[in-house]
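In this chain, numbering begins with 1 at the start of the sequence shown.
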Amino acid sequence: MMKKTFCAKNLLVSLFLALWGSSVLSAESFRVSKVHELAVLQSADSEGTARLGINDSLAISLPEDQTFIEGLELKFEIPEAVASWMDSVACSVYANISPVPKASQIDYSGTRAYVKTLPGKLSWVLQIPLKKDNTIKSNNYTTKVDTIITPSKNVVFVRLQPVMKGVPEETLYAIIPITVKPILMNKGQLAIKLVPPEKKLEPCTIFIDDKMLPLSENPKVLLETGIHNISIISDSYRNEVRTVRIDRAKTTELTVVMKSLEPTLLITAPEGTEVLLDDVKCTSFGKEFVITEGEHIIKFTIGNYQIVRSINAIKGKTYTANFALDLDITEN
């Protein structure tokens, strides 16, 4: 007798799933008992839990910037009253949900993109991919939705629904906690800003680990986590080289001040030193200043001591003239 009842229940569930399968990706209207709301942030520690009845739904709000979010992970804590009646409750994921879900609204229409009955175990993890190029994989402990869910107005809508008749009230009125967290890609973003010495930025070519970056004014690129080498090449500026560290699901900002190709000179000297550059008294110490290409004469004078040096300045080079007095004491 028990075997016949079990077979009849399985047949009923199969019929429901067959009817639902034919309606997947087609719009439908439905009513829920209650809508629970959770917000997910683009952060590894973003996590929230809602307690749903089996006629309730869950509206998961995503941030405007979803650069690093490749999916959602939903962990269902299934009470024994539901687990013992395996396949008695179905979980559906909707796309194109309307109107925008909120707690005061119970009537909706949308496209059912995925449906599956809750398994006969006390814990179940459902992973929902939101991007085509994702690294989410199913295993013995998780179930991956077999289609890409496109959030409607940055909301993913999940619905619970009984699909088996004859279940006890204990099952019908059970509460199912669902914990939601984002699945973040194992990449970070590099945002590069080039600051020209004048108002207009002349053409530059950016290489990341020897691969050329497509040209744009302020480029942003997703990179694997770790250390990356940045090279900026230009016919109008000096070449620049930087090393950056990219962290998972974070944006690293790199600002590079481009330098003119005109040669520059940096002078350092003790206080009281008179410095003449091409017989003109120099007052700029400790910072670079532009000089013309060609030969220059630098004269350092302190007291009765004088030293003269020459520089043949070449385009794109920086020269440092460091005048220092030293006292060397030895012991025999």
Discussion item. Which residue is it: Val93, Leu52, Ile176, Val32? I am looking for the one with a side-chain contact (heavy atoms from CB on, under 4.5 Å) to Leu58.
Written reply: Leu52

Worksheet item: Any luck finding a side-chain donor-acceptor pair between Ser92 and Arg159 under 3.5 Å?
Response: no

Worksheet item: Would Arg31 and Asp107 pass as an ion pair if we require N to O under 4.0 Å?
Response: yes

Worksheet item: How about Glu253: does its CD atom have over 12 heavy atoms from other parts shown lying under 6.0 Å from it?
Response: no

Worksheet item: Which of parallel (below 30°), tilted (30 to 60°) and perpendicular (above 60°) describes Tyr108 and Phe157?
Response: tilted

Item to complete: Could you tell me whether Lys131 and Glu70 have a side-chain N and a carboxylate O separated by less than 4.0 Å?
Response: no

Worksheet item: Below 4.0 angstrom, N of the basic side chain to O of the carboxylate: do Arg245 and Asp247 qualify?
Response: yes

Worksheet item: Are Glu77 and Lys75 ion-paired here, with the side-chain N under 4.0 Å from a carboxylate O?
Response: yes

Discussion item. Taking CZ in Arg51 as the centre, count heavy atoms belonging to other residues, nucleotides or ligands within less than 6.0 Å. Is the count above 12?
Written reply: no

Worksheet item: Under a 4.0 Å N-O cut-off, is there an ion pair linking Glu240 with Arg238?
Response: no

Worksheet entry | Pair Tyr94 and Phe30, ring centroids less than 6.0 Å apart | yes

Discussion item. Taking side chain to side chain contact (heavy atoms under 4.5 Å, CB included) as the definition, give me every residue that meets it alongside Ser152, ordered by chain and number, with sequence neighbours left out.
Written reply: Ile97

Discussion item. Does the plane of the ring in Phe76 sit parallel, tilted or perpendicular to the ring in Trp124? Use 30° and 60° as the thresholds.
Written reply: tilted

Worksheet entry | Under 3.5 Å: donor-acceptor pair, side chain of Ser88, backbone of Trp85 | yes

Discussion item. Check this for me: does any side-chain nitrogen of one of Glu28 and Arg112 sit under 4.0 Å from a carboxylate oxygen of the other?
Written reply: yes

Item to complete: Would you please say whether a donor-acceptor pair under 3.5 Å links the side chains of Asn154 and Glu64?
Response: yes

Worksheet entry | Criterion side-chain contact (heavy atoms from CB on, under 4.5 Å) against Leu72, the qualifying member of Leu38, Leu62, Ile183 | Leu62

Worksheet entry | Contact summary for Phe68 and Thr251, nearest pair of heavy atoms | CZ-OG1, 3.7 Å

Discussion item. Checking Lys299 against Thr301 for the side-chain contact (heavy atoms from CB on, under 4.5 Å) test, could you report, in this order, the C-alpha distance in whole Å, the side-chain angles of both residues, the deciding distance, and whether it holds?
Written reply: CA-CA 7 Å; Lys299 183 186 294 185; Thr301 303; 4.1 Å; yes

